[in-house]
Amino acid sequence: WRRPACPLPALLCLCAAAAAAAASGSRGDYRLAGLFQLHGPLPPSNILRFAVEEINNSSTLLPNVTLAYDIHDACSDLATSTPRCSPSHRGEGRRSRCSPPSAAMSPAWWLSSPQPSFSWLPLQISYEASLGDGQQVKAIFQLLQHFGWTWVGWLRKALYNLISASEVCIALPSTIPTNKDANSPELQSLVKMLIEAKVNVTIVFLHRQTQAVWQVPGIQSIGSVIGITEAGEVIEKSTQPNCTQCCTGCRWLAAAHSVYDAQSSFRLYSAVYAVAHGLHDLLGCASGTCIKGPVYPWKLLQKIKQVNFTLYNNHISFDASGDIRKGYDIIMWNWSGPSWSFAQWGVPLPAPLACLTLPCSRQAPSSVCTGPCQPGERRLHWNRHRCCFNCMACPPGTFLNTSDPYSCQHCELEEWSPERSEVCFNRTVEFLSWSEPMSWALLTPTVLLMLLMAGLAILFALNASTPVVKSAGGNMCFLMLGALACACSSLFGYFGEPTRHMCLLRHPLYAISLTIFLSCVATRSFQIVCIFKLNARCPALYEAWMRRRGPVLFVAANTLAQAVLCLALEAANPSLPHRNYRIRATRVVLECAPSSAVRQATTAYTVLLSACCFALSYAGKDLPASYNEAKCLTCSLLLHLAGSAVFLCTQDAFSGREQGAVQALSTFCTVAALLAGFFLPKAFVILLRPHRNTPEHFQEAIQSYTRRLAAA
């Protein structure tokens, strides 16, 4: 709510024109003319007369100049009609009657304003004018921003430019009709609309003619009414609240009408003095004597804008645009039964609103259409007002930029964000590093297994001429140990940041090495079955097998086939380093791009060889004990098949580090099972049962097998 006009001359026209008067019979050197409504409760003409007489009696202001004045009756409200009254007499202290407009008067010379004006053509000064709409509007807008009022009723268009560029919305644009009594349907309908709009803050621009709005029945229910008036006009400085204290010492003003009249009178009083000080400077009265002469309105206007004086502890001066340098006091309507009064509520504006304080018994109301969204929630409008919206959480992977509260923006590929985020975070780079505990849990047994292989190779080399080593395959045992060592070394490709060579080699190395080992096992099992079961029936078969280097060709052919298969599949669909952003929102997983075709085809090939080995070992289950390895090989081959199944299943079941760790564990289990099933029983005999590692023991076992066959 805005108090009716502000005090002094200013932008809107404090208008006093002083012109040299040559009218006969005039006792003044310069004449001022005032246009008033002469029938108010406190006639402003008395103030004009008092001010002129006070100046004429001053020895310091216009010392040798006498001012005269004319008073004209405005007769009616200038807001609803433009009455152009010409004076009937121009003498000191004379009043005019209202007469029809003169043809010689230009409409531009008169101010069509709801406020009375103080004038002499052609320069006009309205003592009821505001400090200037710009300052007043900024003060009100400052107040809205300070309290966060974004959903307001609006009863004038002066704030439109500022509000349209802000977060403030107008729920009820309207105007207050003038010259209406409290019982008028228009005013009562307006109050009803304010209540139904559910706004707690309404901006009202009032002048004296619209002050009847406070008498409308039910007006008290619209909430707190806060206004601004010019700082220091009515409430003394001693009663203004301290910035750090609540308003305990605010003096409540008694009658609203008398307050208005007192303010209006002081404004008129100040306007006359502003003209006098401007004329004082224009006539060069600073030397103690004024140089009288013609006074031109534009020159006087320049001097009025430059005045700088104090009037009853009120500092009067104007800025470059003609606005008075004077702030606003914030006041509040005080409802007390059917009557009301004013109370100062805060410090003058424009001052830092951090100093604004509330009375101890009051709390600033809240007036918003929709409360503020939580951090990371975007606004979704549900009607034409930008202040009315729903709050929608920004989904993961997006963030809300504070410069655009209406849309969630996507994070970069290397970034992530949780739900309701206002920033994006860098993704954590993830891979199975060498240093983490899970890696050490796998690497330690792998190194021990490779050391065991080295030990077995030494043991077999030292006992190469013994029957156990010869029955195991002789020199082929070293090829088998080497193949298992290579398969085990492929396990190291799962640790550390993936590289191109590591991704391309780790699975083919495992598949080809395992193929070599299984081919050797199949060859050795085939030879034993041939010696004990097929040699008697078809001796040429075994001879041809040995003569044409069947074991070497079989192993080489299987190895070559597996190598060609790996090469072709890797060429068609290479396994290369890959940054996977889909596994976890917060991480980027460095991995070898899975080549499922390579894994499935090569694993299927090794499984086929394992099945062949299993069939041959099962066929020799009734052979002599020294050559019967069906139980151990069956167990190890079953572990290999289980490991292969795990290997195939985990390529999609796990991801990231876990996938690499499970595949490394599968490789380790397969190699360890095959090593344990084939070599450890023989090492046990060599080391702990040396009496079984003799030709006599093997001969006895063969003879026992022959007798059993004969008996059958």
Side-chain angles (χ1 to χ4, degrees), residues 432 439 442-443 445-450 452-454 479-496 498-522 555-556 558-571 573-577 591-613 636-652 654 658-679:
L432 192 60
S439 298
L442 291 169
L443 288 170
T446 300
V447 172
L448 294 177
L449 186 63
M450 296 189 74
L452 177 60
M453 293 178 190
L479 177 62
M480 296 168 70
L481 283 171
L484 289 178
C486 290
C488 193
S489 66
S490 69
L491 186 146
F492 295 108
Y494 292 97
F495 301 95
T499 63
R500 178 183 178 87
H501 294 92
M502 183 184 78
C503 291
L504 289 174
L505 290 177
R506 70 182 186 184
H507 187 72
L509 177 62
Y510 168 76
I512 293 172
S513 300
L514 192 59
T515 299
I516 294 174
F517 176 83
L518 293 174
S519 298
C520 292
V521 171
V555 173
N558 280 293
T559 303
L560 181 61
Q562 183 72 290
V564 170
L565 182 63
C566 290
L567 182 62
L569 292 174
E570 285 287 4
N573 188 17
S575 179
L576 298 174
E591 61 182 8
C592 295
S595 179
S596 57
V598 174
R599 289 182 176 179
Q600 293 172 2
T602 56
T603 303
Y605 194 89
T606 57
V607 168
L608 181 62
L609 279 175
S610 299
C612 180
C613 294
S636 61
L637 290 173
L638 287 175
L639 287 174
H640 163 58
L641 293 175
S644 299
V646 171
F647 186 84
L648 290 174
C649 294
T650 56
Q651 62 183 0
D652 295 322
F654 293 93
E658 290 79 10
Q659 185 184 55
V662 170
Q663 291 177 355
L665 181 61
S666 171
T667 300
F668 174 82
C669 291
T670 297
V671 173
L674 294 176
L675 182 68
F678 189 84
F679 286 101

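Checked against ring-ring contact (aromatic ring centres under 6.0 Å, His included), Phe679 has the following partners two or more places apart in sequence or in another chain: Phe460. Applying the disulfide bond (SG atoms under 2.5 Å apart) test to Cys503 and every residue at least two apart in sequence or in another chain returns Cys592.
The shortest non-hydrogen separation linking Ala483 to Ser513 is O-CB, 3.2 Å. Nearest heavy-atom pair, Pro577 versus Thr499, reported as atom, atom and distance to 0.1 Å: CG-C, 3.4 Å. When all heavy atoms of Met450 and Cys488 are compared, the closest pair comes out as CG-SG, 3.7 Å. Residues Leu675 and Met453 share a closest heavy-atom pair of CD2-CG, 3.9 Å. Heavy atoms only, all atoms of each residue included: Leu518 and Thr606 are closest at CD1-O, 3.5 Å. Here the closest non-hydrogen pair linking Leu484 and Val671 is O-CG1, 3.7 Å.
The CD atom of Glu591 sits 12.0 Å away from the CG atom of Leu432 when rounded to the nearest 0.5 Å. Rounded to the nearest 0.5 Å, atoms OH (Tyr494) and OG1 (Thr446) are 11.5 Å apart. Atoms OG and CG, on Ser519 and Leu609 in that order, are 4.5 Å from each other to the nearest 0.5 Å. Rounded to the nearest 0.5 Å, atoms SG (Cys613) and CG (Leu608) are 10.0 Å apart. Here Ser490 contributes atom OG and Leu505 contributes atom CG; the two are 10.5 Å apart, rounded to the nearest 0.5 Å. If you take OG1 on Thr559 and CD1 on Ile512, they are separated by 8.0 Å, rounding to the nearest 0.5 Å.
Side-chain atoms of Phe668 and Leu442, non-hydrogen and from C-beta on, never get closer than 4.5 Å to each other. When side chains are defined from C-beta on, Pro508 does not count as touching Thr602, because their heavy atoms never get closer than 4.5 Å. Tyr510 has its side chain out of reach of Leu491: every pair of non-hydrogen atoms, C-beta onward, lies at least 4.5 Å apart. Counting only heavy atoms from C-beta outward, the side chains of Leu674 and Met480 never approach each other to under 4.5 Å.
Panel note: side chain Ser666, backbone Val662; no donor-acceptor pair is recorded below 3.5 Å.
Looking only at atom types and distance, the side chain of His507 has no donor-acceptor partner in the side chain of Ser575 under 3.5 Å away.
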